[in-house]
A.B. asks: 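After the structure tokens below, expect a handful of questions from me.
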There are 2 protein chains.
Amino acid sequence: MTEQEKSTEDLIFNAAREEFIEKGFDGARMQEIAKRASINKALLHYYFRTKEKLFDAIFDKVFKIFMPKVLDVMQSDAPLFTKIEVFIESYIRLIMENPHIPSFILHELNRNPDRLVGLFGNVAGIVKEKGFSRFSEAVNEEIKKGTIVPIQPEQLIVNIIGLCIFPFIGRPIIQGVIFNGDKLQYDNFLESRKKEVTKFIINAIAVK
Amino acid sequence: MTEQEKSTEDLIFNAAREEFIEKGFDGARMQEIAKRASINKALLHYYFRTKEKLFDAIFDKVFKIFMPKVLDVMQSDAPLFTKIEVFIESYIRLIMENPHIPSFILHELNRNPDRLVGLFGNVAGIVKEKGFSRFSEAVNEEIKKGTIVPIQPEQLIVNIIGLCIFPFIGRPIIQGVIFNGDKLQYDNFLESRKKEVTKFIINAIAVK
DNA sequence: ATTAAGTTTAACCAAATGGTTAATTAAAAA
DNA sequence: TTTTTAATTAACCATTTGGTTAAACTTAAT
């Protein structure tokens, strides 16, 4: 399917997604979105009445694609270590395919935290109930069994997700300061992380 | 010294810092900065010709205050574990006093990575030379001694900084999803982290 | 073929925005 | 005290920006 054959709505949606992710809500320009979609600006408003509504549509979709991936793994019945290992590798891989999404989501959420409330009934709530509480139980079980060191599940999950996401949000500094701006070194660094973060986490919690 | 007695330049600077940190460059408004500083908008341009120049002045200062704190600890001669412990506790404490700075710096750097280049000769370069390479040596020594597990210093430093910073960048999600929006729980969570992250890191790398 | 509905565009609009100017006031120098 | 310089303001300006309108075009139903 070529660009021409796509529905206008998709054309707009994709153009807007690029523009918003690249520049954020405040930096994005309706005219630029129209240009990227090769259509008239008025058509944007014909399909998505306002900039806010267009943004909301995109933020919703991006968020809904990104968050539930956490679930797939978290709610599996595999042993905790396996869960963690699979999660980290697949999550880093997912972000590598969409490296600007974390920065986008977190920035917009910081600028307007209320946005979460709108998603809460749907996605965020589900993530917590089905994902986190299930994970939380598994962690506490392992602690009781003595296979992992005592740790609050909240701390552990933030550590895991933080270690996956931070290298992408912090890319300019990491690549710039640590790797002297060398993109290749940074890419290798990322590639290694899939295994390294897993090792690091397991090491941190396993009782040896 | 009351607000009135401060120099006009400081008044503008502080007002602008608040506005930029809260809304980012794109979302900030010169009129709003003037209002916050209780002065005429033209006076902004009298002191700092353009929005860009005003922003640059602020970004520079914020960046220069935040980055070198990393140095103080990193270049000390204390044992690695002590270094790490002191760094994590003081860094998390520092961010707790300025919780929006990391999000601000990282967002603006992602929007315009070239900004780093301007700072590179000064701050960033120093951080790397005096801070990171010193830390890097210390890590490699401990590995050789067999006191810590083999790990690339680059991975370790990103892990340490990521674990310190991420809870602040990800606040809306953490507080919203994990703690059901309860600010108190989130604050306790942060407070615990000063000890928890240290334990976690040491556990992850120490050979037992 | 005609009508009706949906799609797309050019031109336009009002508000917001970064920035300027010319005049006024306050402070410092003579 | 007078003069010069710096600080401050109200009014203004050009451009950008999100959004609208009315007309033209396309497609499908009657």
Side-chain angles (χ1 to χ4, degrees), chain A residues 1-62 104 107-108 111-112 114-115 118, chain B residues 1-62 104 107-108 111-112 114-115 118:
Chain A
M1 184 158 62
T2 69
E3 286 290 308
Q4 303 235 353
E5 285 158 339
K6 276 187 206 152
S7 77
T8 306
E9 198 169 332
D10 283 353
L11 226 52
I12 294 174
F13 196 91
N14 290 328
R17 205 192 54 221
E18 284 175 26
E19 174 80 358
F20 279 130
I21 288 176
E22 220 167 89
K23 316 220 179 110
F25 178 83
D26 292 321
R29 294 291 168 253
M30 294 299 268
Q31 179 55 56
E32 180 62 24
I33 293 173
K35 196 171 146 197
R36 288 194 198 223
S38 314
I39 53 146
N40 187 287
K41 183 165 69 84
L43 208 50
L44 293 181
H45 293 94
Y46 177 77
Y47 280 92
F48 304 82
R49 300 179 44 78
T50 66
K51 188 186 180 185
E52 268 83 7
K53 286 200 168 55
L54 175 54
F55 179 85
D56 283 349
I58 278 143
F59 188 85
D60 257 53
K61 198 177 179 190
V62 169
F104 167 69
H107 171 70
E108 298 300 340
R111 263 237 70 192
N112 183 3
D114 290 340
R115 209 178 287 286
Chain B
M1 185 157 63
T2 70
E3 285 292 308
Q4 303 236 353
E5 286 158 339
K6 276 187 207 151
S7 78
T8 305
E9 198 169 332
D10 282 354
L11 227 51
I12 293 174
F13 196 90
N14 289 329
R17 204 192 54 222
E18 284 176 26
E19 174 79 358
F20 279 130
I21 288 177
E22 220 167 272
K23 316 223 179 108
F25 178 83
D26 293 320
R29 295 290 169 254
M30 294 299 267
Q31 179 55 56
E32 180 63 23
I33 293 173
K35 196 170 146 196
R36 288 195 198 222
S38 316
I39 53 146
N40 187 287
K41 183 165 69 86
L43 208 49
L44 293 181
H45 293 94
Y46 178 76
Y47 280 92
F48 304 82
R49 299 179 46 75
T50 66
K51 190 186 180 186
E52 268 84 6
K53 287 203 168 54
L54 175 53
F55 179 84
D56 282 350
I58 279 144
F59 188 84
D60 258 53
K61 198 176 179 192
V62 168
F104 167 70
H107 170 69
E108 298 300 340
R111 263 236 70 190
N112 183 4
D114 290 341
R115 209 177 288 284

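All values below come from the heavy atoms of this structure, side chains included, with hydrogens, waters and symmetry mates left out. Just so it is clear, the structure is predicted and the values come from calculations on it, not from any experiment. Throughout, a chain's letter reflects where its sequence line sits, starting with A, and its residues are numbered from 1.
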A.B. asks: Decide yes or no for Phe13(A) and Tyr47(A): does some side-chain heavy atom of the first lie under 4.5 Å from some side-chain heavy atom of the second?
C.D. replies: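 SC-SC contact between Phe13(A) and Tyr47(A) ruled out.
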A.B. asks: Taking atom P of dT17(C) as reference, at what distance in whole Å does atom CD of Glu52(B) sit?
C.D. replies: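 Value for this atom pair: 15 Å.
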A.B. asks: Side chain of Lys51(B), heavy atoms from C-beta onward: which of dT21(C), dT9(C), dG18(C) has the nearest atom to it?
C.D. replies: dG18(C)
A.B. asks: Walk along DNA chain D from 5' to 3' and tell me the first and last nucleotide with an atom closer than 4.0 Å to a non-hydrogen atom of chain A.
C.D. replies: dT17(D) to dT21(D)
A.B. asks: I need the CD1-P distance between Ile12(A) and dT7(C), as an integer number of Å.
C.D. replies: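 The distance from CD1 of Ile12(A) to P of dT7(C) comes to 11 Å, rounded to the nearest Å.
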A.B. asks: Where do Met30(B) and His45(B) land on the side-chain contact (heavy atoms from CB on, under 4.5 Å) test, with the steps shown first?
C.D. replies: CA-CA 9 Å; Met30(B) 294 299 267; His45(B) 293 94; 3.8 Å; yes
A.B. asks: In terms of the angle between their ring planes, are Phe20(B) and Phe25(B) parallel, tilted or perpendicular, with boundaries placed at 30° and 60°?
C.D. replies: parallel
A.B. asks: Could you check how far NE2 of His45(B) sits from C1' of dT17(C), rounded to whole Å?
C.D. replies: 9 Å
A.B. asks: Cation over ring, Arg115(B) on Phe59(B), under 6.0 Å and within 45°?
C.D. replies: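 Satisfied, under 6.0 Å and within 45°.
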A.B. asks: Could you check whether Tyr47(B) gets within reach of a base, just the sugar-phosphate, or nothing at all, counting any heavy atom under 4.0 Å?
C.D. replies: sugar-phosphate
A.B. asks: Round to the nearest Å and state the distance from Lys35(B) atom NZ to dA16(C) atom P.
C.D. replies: 13 Å
A.B. asks: Would you kindly give the OH-to-P distance between Tyr46(B) and dT21(C), to the nearest whole Å?
C.D. replies: 15 Å
A.B. asks: How close or far is atom P of dG19(C) from atom CZ of Arg49(B), stated in whole angstroms?
C.D. replies: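 The distance from CZ of Arg49(B) to P of dG19(C) comes to 10 Å, rounded to the nearest Å.
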A.B. asks: Hey, does Ala28(B) reach any base, or is it just sugar-phosphate, or nothing, if we go heavy atoms under 4.0 Å?
C.D. replies: sugar-phosphate
A.B. asks: Can you find a side chain N or O atom of Arg29(B) that sits less than 4.0 Å from OP1 or OP2 on dA16(C)?
C.D. replies: no
A.B. asks: Can you list the residues that meet the side chain to side chain donor-acceptor pair (under 3.5 Å) rule with Glu108(B), with sequence neighbours excluded?
C.D. replies: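 Checked Glu108(B) against side chain to side chain donor-acceptor pair (under 3.5 Å); zero matches.
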A.B. asks: Could I get the full list of side chain to side chain donor-acceptor pair (under 3.5 Å) partners for Lys23(A), not counting sequence neighbours?
C.D. replies: Glu19(A)
A.B. asks: Counting C-beta onward and ignoring hydrogens, is there a side-chain heavy-atom pair between Glu32(B) and Glu22(B) closer than 4.5 Å?
C.D. replies: no
A.B. asks: Taking the minimum atom-to-atom distance to the side chain of Lys41(B), which one of dG18(C), dT21(C), dT9(C) wins?
C.D. replies: dG18(C)
A.B. asks: Between Gln31(A) (CD) and dC12(C) (P), how many Å, whole number?
C.D. replies: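 Answer to the nearest Å: 16 Å.
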A.B. asks: Separation of Leu44(A) atom CG from dA10(C) atom C1', in whole Å?
C.D. replies: 15 Å
